Amino acid sequence: MSRVLIVGAGLTGSICACLLRRELPNTFNIVVWDKSRGAGGRMSTSRSPSNPKCTVDLGAQYISATPYYARIHSSFYEELLAQDLLKPLVEPVEGMTYKEDGILNYVTPNGVSSIIKHYLNKSAGAEVLHNRQVTHIYRKDADWEVCHKEGAPERFDIVVLTMPVPQILQLQGDVVSLMGENQLKELRAVSYSSRYALGLFYKAGERIDVPWVAKYFSNNPCIRFIAIDDKKRNLASNDTGHSVVVHTSVPFGVKHLEKEKDEVQNTILEELEKVMPGLPQPDSIKCQKWRYSQVTRSVVDCPGQMTLLSQPLLVCGGDGFTHSNFDGCVESALKVFEVLKSSL
């Protein structure tokens with residue numbers, strides 16, 4: 001049985017693990033490594049330190065399905081809807097623009113990371129390990145030796161890299177040297193936006209009186225989006241406090257990317273007071289830096305994956321090879337799965 005390592009427990013990596021287990025049972029010994037403390041990647045949900053029922057999505061805010069993707073990825077949407085992991089977004093979002101007619105928007109009642117956890121659970125038997133930041137990958141004859149920051153290196157027959165493209169290029173060992181000149185050029189051309197997200201958790205009984213549940217701000221130099229997250233996800237309860245998420249604009253994120261989080265957090269809070277004067281004092285705050293927020297330029301022609309070596313197999317996937325949304329990650333996972341299937 002081939003031992004396959006999937007690096008990255010985000011949406012692409014978790015769907016890859018699920019597809020391998022579901023479509024090719026008893027074929028692969030699946031291992032998933034992620035550098036973070038929990039699953040989700042940029043589909044991140046945080047909990048209040050004082051009340052775990054009070055949650056906020058710091059990454060993706062909702063999932064938009066165009067008519068095309070709602071049709072070709074219908075099985076994915078139907079499964080998540082049947083499990084109550086997705087529900088229609090019923091509250092209007094001020095300032096939301098639609099690129100085409102017929103788009104369906106969904107929210108995640110249990111937090112956006114619940115989708116990742118669902119796919120990892122469906123990859124039953126997969127070994128999912130956190131706090132495993134890969135540093136080096138070496139080719140060792142018919143397999144790969146993979147090193148991480150903690151512990152001894154491990155050997156794998158197949159490696160799948162689903163982290164942001166700049167992190168792939170930062171890997172030491174044999175990865176970059178195995179790339180062809182065109183591949184290296186294409187990967188170096190991939191770019192991402194950067195931003196900060198602030199999650200504010202409130203005690204039960206605190207009131208937040210605004211006439212919207214979520215709103216885009218087009219003329220603010222700091223703040224781009226705010227959501228009363230529990231209301232957006234239809235979770236408002238007298239027993240659980242409100243949660244608010246603030247996403248900064250990309251120019252603000254780029255300008256403050258290398259500054260200390262505490263300094264950036266204070267700047268965002270000062271601007272938030274101007275936008276929402278009288279906002280109660282939160283019980284706790286979580287500041288998240290998204291260095292690689294959304295893909296602004298993907299690999300040319302959006303192939304979904306890039307195979308760096310066929311024997312032993314080393315393949316890359318993720319939204320850097322498609323586009324930054326749910327369907328882009330599904331598309332990439334399907335392409336990676338086809339490569340793994342064809343390697344048998």
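These numbers come from a predicted model, not from an experiment.
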Q: Test your reading of the model: is there a side-chain donor-acceptor pair from Thr27 to the backbone of Pro25, 3.5 Å cut-off?
A: yes

Q: Any sub-3.5 Å donor-acceptor pair from Lys231's side-chain atoms to Glu91's backbone N or O?
A: no

Q: When you check the gap from the basic side-chain N to the acidic O, do Arg42 and Asp319 get nearer than 4.0 Å?
A: yes

Q: Checking Asp230 side chain against Ser243 main chain: does a donor-acceptor pair fall under 3.5 Å?
A: yes

Q: Do other residues, nucleotides or ligands put more than 12 heavy atoms under 6.0 Å from Glu260 CD?
A: no

Q: So, does Thr108 use its side chain to make a donor-acceptor pair with the main chain of Leu86 at under 3.5 Å?
A: no

Q: More than 12 heavy atoms of other residues, nucleotides or ligands under 6.0 Å from NZ of Lys261: yes or no?
A: yes

Q: For Arg188, look at atom CZ and say whether over 12 heavy atoms of other residues, nucleotides or ligands are found less than 6.0 Å away.
A: no

Q: Does a sphere of radius 6.0 Å around NZ in Lys289 hold more than 12 heavy atoms from other residues, nucleotides or ligands, not counting ones at 6.0 Å or beyond?
A: yes

Q: Assigning hydrophobic clusters by single linkage (Ile, Leu, Val, Met, Phe, Trp, Tyr; side-chain heavy-atom cutoff under 4.5 Å), is Val250 placed with Val190?
A: no

Q: Say whether Thr296 and Ser193, considering side chains only, have a donor N or O and an acceptor N or O under 3.5 Å apart.
A: no

Q: Around Lys53, counting heavy atoms of other residues, nucleotides and ligands shown, do more than 12 lie under 6.0 Å from its NZ?
A: no

Q: For Lys122, is there any backbone N or O sitting under 3.5 Å from a side-chain donor or acceptor partner on Arg22?
A: no

Q: Taking the six-membered ring for Trp, are Tyr69 and Tyr77 closer than 6.0 Å centroid to centroid?
A: no

Q: Only one of Asp283, Leu272, Val56 forms a side chain to side chain contact (heavy atoms under 4.5 Å, CB included) with Leu200, so which one is it?
A: Leu272

Q: Salt bridge check, Asp143 against Lys140: does any charged N sit closer than 4.0 Å to a carboxylate O?
A: no

Q: Does Thr162 use its side chain to pair, donor to acceptor, with the backbone of Gly318 at less than 3.5 Å?
A: no

Q: May I ask whether Phe252 and Phe217 are part of the same hydrophobic cluster, defined by side-chain heavy atoms of I, L, V, M, F, W, Y residues being less than 4.5 angstrom apart, directly or through others?
A: yes

Q: Quick one: does Arg3's side chain have a donor or acceptor within less than 3.5 Å of a partner on Asn29's backbone?
A: no

Q: Whether the side chain of Ser284 engages the backbone of Phe201 through a donor-acceptor N/O pair (distance < 3.5 Å, no angle test) should be reported.
A: no

Q: Between the side chain of Ser332 and the main-chain N/O of Gly304, is any donor-acceptor distance below 3.5 Å?
A: yes

Q: Are there more than 12 heavy atoms of other residues, nucleotides or ligands under 6.0 Å from atom NZ of Lys335?
A: no

Q: Within the distance-only criterion (no hydrogens, no angle test), does the side chain of Ser342 pair as donor or acceptor with the backbone N or O of Val339 below 3.5 angstrom?
A: yes

